Each structure stands twice: as C-alpha cells, then as structure tokens.
Amino acid sequence: MTHRKTAWRASRAPDQLQAAQQALYRFPRCKAKDRTANHQRAVDKVAQLHGKVCRQRLDHAHKTALGLVRAHDFIAHEDLKIRHMSKAPQPRPDSDRPGAFLPNGVGAKAGLNKSIHDAGWGVFLTILHAKTPHGCNVSSSGG
C-alpha cells in the first residue's frame, strides 16, 4: 500500500489552528466570566478550528476505510497497542551523580507520540470494522 498524505494535513486548518492557539496563549488564563471580548473571540476561534480539523480527520478515515472495503475482500491489520506505544519514557538515573538523570530521548518520544495520536489509528480501525458488513472480512494479527 502506498503512503497517501492525509486530507486534513494538506489543508491549511492545522496551521491556522497553531496560529490561533499561539494568539490565545498571549492572553492570561482567567475564568470564562472574566474574559475580555478579544480573549473570548480567540477562544471561540480555537474551538472552531479544533472542530474543523476533527471533522476533516473523520472524513478522511471514513473515505479511506470505505475505499479499502470496496477494493478488497480481506483486510488484515496488526493489533497494535497504541496506549503502550505512546507512553512517556522512563527516567534514567545517573549512577555517577545521585539525584541526577541521563538524557532519555523525551523530546524525540514526544514528537513520536504526537504523530501516533495524530494518525488516529484507533479511530480508523473502529470505522473500518463498522464498514465490514459490506462483504469484506477484517482480521487482526497479534502485535
């Protein structure tokens, strides 16, 4: 199977969401009743863009799953433990200096975790299993 760029990544919505979140971050945290009009507008913009990206991801998952079900009679996927794959790395104590820790690659792991969650494997597999009554068998192999 060839790698396809996801539809929501090709759109400008993730970049707009990032810019809106940065604009929201400039406001001090306060209760909803104490927000200024500009602060509330920034909150609403971030919520709107989150919804847009969510809908784009779901739409892409539905279209891809339906395309796979229509094109193939049997689909096998690896049963991945996504929760275990995205755990934070354990701290590595430094044996030379008590109370100090060695680098454990937490920055790289954070990027990998974001990518794992961003891909939405669990949601895609749920949608794929829901579309199987169309005459396609889906099987998972141990992982």
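Predicted, not measured: the structure shown is a model, and the values here were computed from it.
Under the 4.5 Å side-chain criterion, counting only non-hydrogen atoms from C-beta, V43 is not in contact with F27.
Taking D34 as the reference, C30, K31 meet the side chain to side chain contact (heavy atoms under 4.5 Å, CB included) condition, with sequence neighbours excluded.
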Tell me which donor-acceptor pairs under 3.5 Å the side chains of residues 90-98 have, and how far apart each pair is, sequence neighbours excluded?
unit_1, atom_1, unit_2, atom_2, d
R92, NH1, P103, O, 3.2
D94, OD1, D96, N, 3.2
D94, OD2, R97, NE, 3.2

Requested in this report: Could you please spell out the steps behind the salt bridge (Lys or Arg N to Asp or Glu O under 4.0 Å) verdict for R55 and D59?
Outcome: CA-CA 6 Å; R55 287 188 302 275; D59 182 56; over 6 Å; no

Query raised in the report: Do Q16 and Q48 pass the side-chain contact (heavy atoms from CB on, under 4.5 Å) test, and can you show the C-alpha distance, the side-chain angles, and the key distance before you say yes or no?
Result: CA-CA 11 Å; Q16 291 174 341; Q48 173 198 4; over 6 Å; no

Query raised in the report: Q40 and D44: side-chain hydrogen bond (donor to acceptor under 3.5 Å, both in side chains), yes or no, with the steps?
Result: CA-CA 6 Å; Q40 186 59 45; D44 293 341; 3.0 Å; yes

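Interatomic distance, L17 CG to Q22 CD, rounded to the nearest 0.5 Å: 10.0 Å. The OG1 atom of T132 sits 7.5 Å away from atom NE2 of H129, with the distance rounded to the nearest 0.5 Å. The NZ atom of K45 sits 13.5 Å away from the CG atom of N38 when rounded to the nearest 0.5 Å. Atom NE2 of H60 sits about 11.0 Å away from atom CD1 of I127, to the nearest 0.5 Å. If you take CZ on R29 and CZ on R35, they are separated by 8.5 Å, rounding to the nearest 0.5 Å. Between L128 atom CG and L68 atom CG the span is 6.5 Å, to the nearest 0.5 Å.
The two residues V53 and P14 make their nearest non-hydrogen contact at CG2-N, 4.2 Å. The minimum heavy-atom distance linking A20 with L49 is given by the pair CB-CD1, 3.8 Å. Taking every heavy atom of both residues into account, V69 and K131 meet most closely at CG1-O, 3.6 Å.
The hydrophobic cluster containing I75 also contains F124, counting ILVMFWY residues as joined when their side-chain heavy atoms lie under 4.5 angstrom apart, directly or transitively.
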